[in-house]
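Convention: sequence-line order gives letters A, B, ...; per-chain numbering from 1.
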Protein chains: 2
Amino acid sequence: MKNGEKSGNSRAPRRVTAAMVAEHAGVSTATVSLVANGKSAGRVSAANEQRVRESIRELGYFVDSIGSSLAKGVSSLVVLVAPDISNPFFAKVIAGVRSVLASDYQLLLSVTDAGVSPSASETRKIMGLRPAGLLVHAPSQDFLEEISSTLPLVALDAPGIDPAIPAVNMDVAQGARDVAAHFAAQGHTRAAYLDASTGTETLAVRREAFLAAAKEYGIEVLPASVASSMIDVAAASAAFSQHWPTWREAGVTALGCATDNHAFGVLHASRQLGLSIPQQLAVAGFDDLPYSATSNPSITTVELNAQEVGRQAALKLRALLDGKSPDPLQTTLPSSLVVRGSTLENAGG
Amino acid sequence: MKNGEKSGNSRAPRRVTAAMVAEHAGVSTATVSLVANGKSAGRVSAANEQRVRESIRELGYFVDSIGSSLAKGVSSLVVLVAPDISNPFFAKVIAGVRSVLASDYQLLLSVTDAGVSPSASETRKIMGLRPAGLLVHAPSQDFLEEISSTLPLVALDAPGIDPAIPAVNMDVAQGARDVAAHFAAQGHTRAAYLDASTGTETLAVRREAFLAAAKEYGIEVLPASVASSMIDVAAASAAFSQHWPTWREAGVTALGCATDNHAFGVLHASRQLGLSIPQQLAVAGFDDLPYSATSNPSITTVELNAQEVGRQAALKLRALLDGKSPDPLQTTLPSSLVVRGSTLENAGG
DNA sequence: CTGTTAGCGCCTTCAA
DNA sequence: TTGAAGGCGCTAACAG
């Protein structure tokens with residue numbers, strides 16, 4: 001009568017608890033706990049284990065992660081903080097993470113507004129879940145300061161991050177340099193850059209590396225030739241339409257874009273402006289979206305191995321969760337330029 | 001000494017508990033709870049409330065959702081089960097959901113493998129979190145049976161679902177009919193259909209509606225003219241390449257695609273096959289991805305208002321969480337055909 | 001108005 | 001090998 005009959009909050013159809021299973025199997029809750037968590041080896045008799053398993057099945061019991069988390073002080077949740085799921089790129093990152101975390105941890109995504117790290121209140125809510133670990137895409141410095149050292153955390157796509165924080169980056173700088181080199185090789189001498197207006201660090205790196213490399217290769221990029229828009233095809237299209245007349249007058253013949261989404265916007269605008277790509281303007285992007293190979297012209301872009309980013313990050317997190325230190329603490333994955341029609345005058349597309 | 005000094009699991013830097021705040025403010029934990037949850041109106045003296053607030057700030061306390069959930073029997077979590085985040089379409093759905101759930105609930109995404117509802121074990125894990133409610137995209141019947149009636153749930157994009165389950169659908173059938181009508185109006189008499197191989201119901205509806213409407217409009221679609229591939233540009237491209245020779249011989253001049261991703265695959269393949277679209281083959285898709293307007297040719301497609309789907313679903317869930325019954329229980333949002341270059345012989349793109 | 005108390009469901013010593 | 005018991009942090013009843 002102590003706890004078997006009480007109806008509690010009454011509403012729900014009485015959830016199955018370990019106590020019920022214990023009673024049903026004629027053992028104690030401790031035994032149920034052991035069996036349910038696969039820790040029964042050598043600690044529970046075969047007979048009892050068998051009984052418990054049957055009861056679990058019959059009653060449809062499953063461990064309540066709330067109670068479990070409270071008792072253990074930590075959940076088996078891994079939260080992936082995702083500031084930009086609209087980017088198809090991101091789906092691959094997730095696939096990579098899933099392939100590693102598999103069944104041991106429960107992966108959940110916390111989505112924030114486009115390109116923004118979680119607010120302080122969102123962060124608190126996440127922490128309130130007592131996740132076992134965090135995977136954070138393009139974290140802001142503020143965000144990291146707010147939680148770092150509190151729990152296992154791996155940053156993804158966070159160039160320039162504190163070297164003490166485990167991270168997996170992509171060598172976007174090299175990719176940007178490759179773009180500049182490619183433009184130079186094609187004989188371009190005046191270029192522009194369409195940046196993303198969200199403040200993510202990786203985007204700043206792309207821009208700066210491009211500008212520096214362009215300079216090196218003797219390509220002129222006037223300050224007025226750097227524009228920006230949100231990561232959104234329509235926004236990029238509008239931004240380009242607005243700037244093109246000026247750029248054209250300045251003799252710009254090549255355009256670097258912060259993302260393929262931007263490049264799509266440029267393609268879109270160019271059609272309306274009657275501007276032919278790549279003949280009048282060579283365009284290159286970043287990310288190699290699945291759509292980038294099939295547009296017309298297809299888009300020259302920097303390919304980033306998104307799935308591998310997710311995989312490596314998850315591996316590092318696992319190490320952390322196992323109490324080890326990831327080795328190496330930070331990894332930078334290579335990027336590679338994929339040359340396609342949008343920068344090749346003599347190609348079909 | 002009772003609970004203040006114990007080091008517990010030792011590892012973490014001792015989380016701030018309500019008990020600490022209570023002690024610091026010289027009140028009981030109950031008072032802290034009331035204040036922290038904004039339920040202090042008329043139940044806590046102004047002086048105490050003030051004291052508690054200060055202590056909360058000083059100590060950096062925040063409500064532990066684990067403890068809270070355990071005590072209340074339910075969390076403030078809303079889990080969105082997402083079988084296909086790789087589809088850019090989905091980002092908009094999320095935006096819609098977020099706009100409604102805002103700060104009252106915590107939205108978390110549970111990602112499954114492409115196009116598949118969560119497995120039984122994944123489902124149990126989700127249930128173990130004791131979410132306040134569930135939003136499920138394209139749920140399978142199995143999945144619904146496993147959890148329905150256990151907790152508030154709204155299905156998204158689930159045509160043909162049990163009419164007793166709250167749901168928000170899109171009128172994809174009308175969209176498919178519009179495609180067929182459009183083909184007929186363009187004078188096509190033989191068509192093919194490139195289906196998606198994932199078993200989602202919405203895709204079956206698209207296919208069947210298209211086939212039925214085609215028949216009605218006097219367009220012949222031979223059984224051999226229905227192929228399928230995964231929702232993936234590359235896979236669709238391969239599938240089309242394989243089938244095109246046969247279809248061509250059969251006199252097929254129009255192709256309906258289950259998704260825009262498929263259509264992209266077809267565009268890709270057509271370029272390699274030297275097949276010109278729309279002159280030799282008219283192609284239409286579904287979803288109106290942001291990229292679909294900027295491909296070449298741009299893609300004729302059925303536009304679905306993704307954001308609104310998310311918004312409406314979240315509204316229904318809110319009603320459920322407030323103990324009301326959503327009205328109406330199920331909503332079907334209209335879809336509309338967007339005619340673009342891929343089906344217009346005389347257009348530029 | 002405020003504090004005390006009794007669990008929520010589970011896991012983990014500690015004895016037996 | 002097993003059971004009893006305490007406590008994780010919080011909230012809702014119930015006394016004061």
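Distance from the side chain of B:Arg15 is smallest to D:dG9 among C:dC10, C:dG3, D:dG9. Comparing atom distances between the A:Ser28 side chain and each of D:dC10, D:dG3, C:dC10 picks out D:dG3 as nearest. The B:Leu70 side chain lies nearest to C:dC8 when the options are C:dC11, D:dT11, C:dC8. For A:Val63, the side-chain atoms get nearest to C:dC10 when compared with the rest of C:dG9, C:dC10, C:dC8. Minimum atom distance to the side chain of B:Arg130 is reached by C:dG9, of the listed C:dG9, D:dG9, D:dT2. Which of C:dT12, C:dG9, C:dT2 sits closest to the side chain of A:Lys72 comes down to C:dT12.
Note on B:Ser45: a side-chain N or O is less than 4.0 Å away from OP1 or OP2 of C:dT2. Contact annotation: A:Ser69 does not reach the phosphate of D:dC8 (side-chain N/O to OP1 or OP2, under 4.0 Å). Side-chain N/O atoms of B:Ser68 include none lying less than 4.0 angstrom from OP1 or OP2 on D:dC10. Between B:Asn48 and C:dC1 there is no side-chain polar atom (N or O) within less than 4.0 angstrom of OP1 or OP2. Within the 4.0 Å cut-off from OP1 or OP2 of D:dT11, not a single side-chain nitrogen or oxygen of B:Lys39 is found.
If you run side chain to side chain contact (heavy atoms under 4.5 Å, CB included) between A:Lys324 and each of A:Asp322, A:Leu320, A:Leu321, only A:Asp322 comes through.
Look at CG on A:Asp64: it is 18 Å from P on D:dC8, rounded to the nearest Å. Following rounding to the nearest Å, B:Arg51 (CZ) and C:dT2 (P) show an atom-to-atom distance of 9 Å. Per the geometry, OH belonging to A:Tyr61 stands 10 Å off C1' belonging to C:dC11, to the nearest Å. Spacing between atom CG of A:Leu59 and atom P of C:dG9 amounts to 14 Å, rounded to whole angstrom units. Distance A:Ile66 CD1 to D:dC10 P: 13 Å, rounded to the nearest Å. Distance, B:Met20 CE to D:dC8 P: 10 Å, rounded to whole Å. Atom CG in A:Leu129 sits about 14 Å away from atom C1' in D:dG9, given to the nearest Å. In this structure, CE of A:Met127 is placed 14 Å from P of D:dG9, rounded to the nearest angstrom.
Looking at B:Thr202, its side chain never comes within 3.5 Å of a backbone N or O of B:Asp157 through a donor-acceptor pair.
Between the axis at the start and the axis at the end of the helix from C:dC1-D:dG16 to C:dA16-D:dT1 there is an angle of 40°, using five pairs per end and rounding to 10 degrees.
Within 6.0 Å of CD in B:Glu23 there are 12 or fewer heavy atoms belonging to other residues, nucleotides or ligands.
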Item to complete: Assess whether side-chain contact (heavy atoms from CB on, under 4.5 Å) is satisfied between B:Leu144 and B:Ile165, documenting all intermediate values.
Response: CA-CA 9 Å; B:Leu144 287 176; B:Ile165 297 178; 4.0 Å; yes
Item to complete: Give the intermediate values and the outcome of side-chain contact (heavy atoms from CB on, under 4.5 Å) for residues B:Leu107 and A:Val111.
Response: CA-CA 8 Å; B:Leu107 178 69; A:Val111 180; 5.7 Å; no
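Nearer to the 5' terminus of DNA chain C, by closest-nucleotide assignment, is the contact made by B:Ala46 (compared with the other of B:Ala46 and B:Gly67).
Applying the side-chain contact (heavy atoms from CB on, under 4.5 Å) test to A:Leu70 and every residue at least two apart in sequence or in another chain returns A:Arg130, B:Ile66, B:Leu70.
We find that A:Lys125 and A:Glu122 are not joined by a salt bridge, their nearest charged nitrogen and carboxylate oxygen being 4.0 Å or further apart.
B:His137 places a side-chain heavy atom less than 4.5 Å from the side chain of B:Phe90.
Side-chain atoms of B:Thr331 and B:Lys316 form a donor-acceptor pair, as typed in the model, at a separation below 3.5 Å. One side chain, A:Ser40 or A:Glu49, offers a donor N or O that lies under 3.5 Å from an acceptor on the other.
For DNA chain D, the residues of residues 30-37 of chain B within the heavy-atom distance limit of 4.0 Å (strictly under) are B:Ala30, B:Ser33, B:Asn37, sorted by number.
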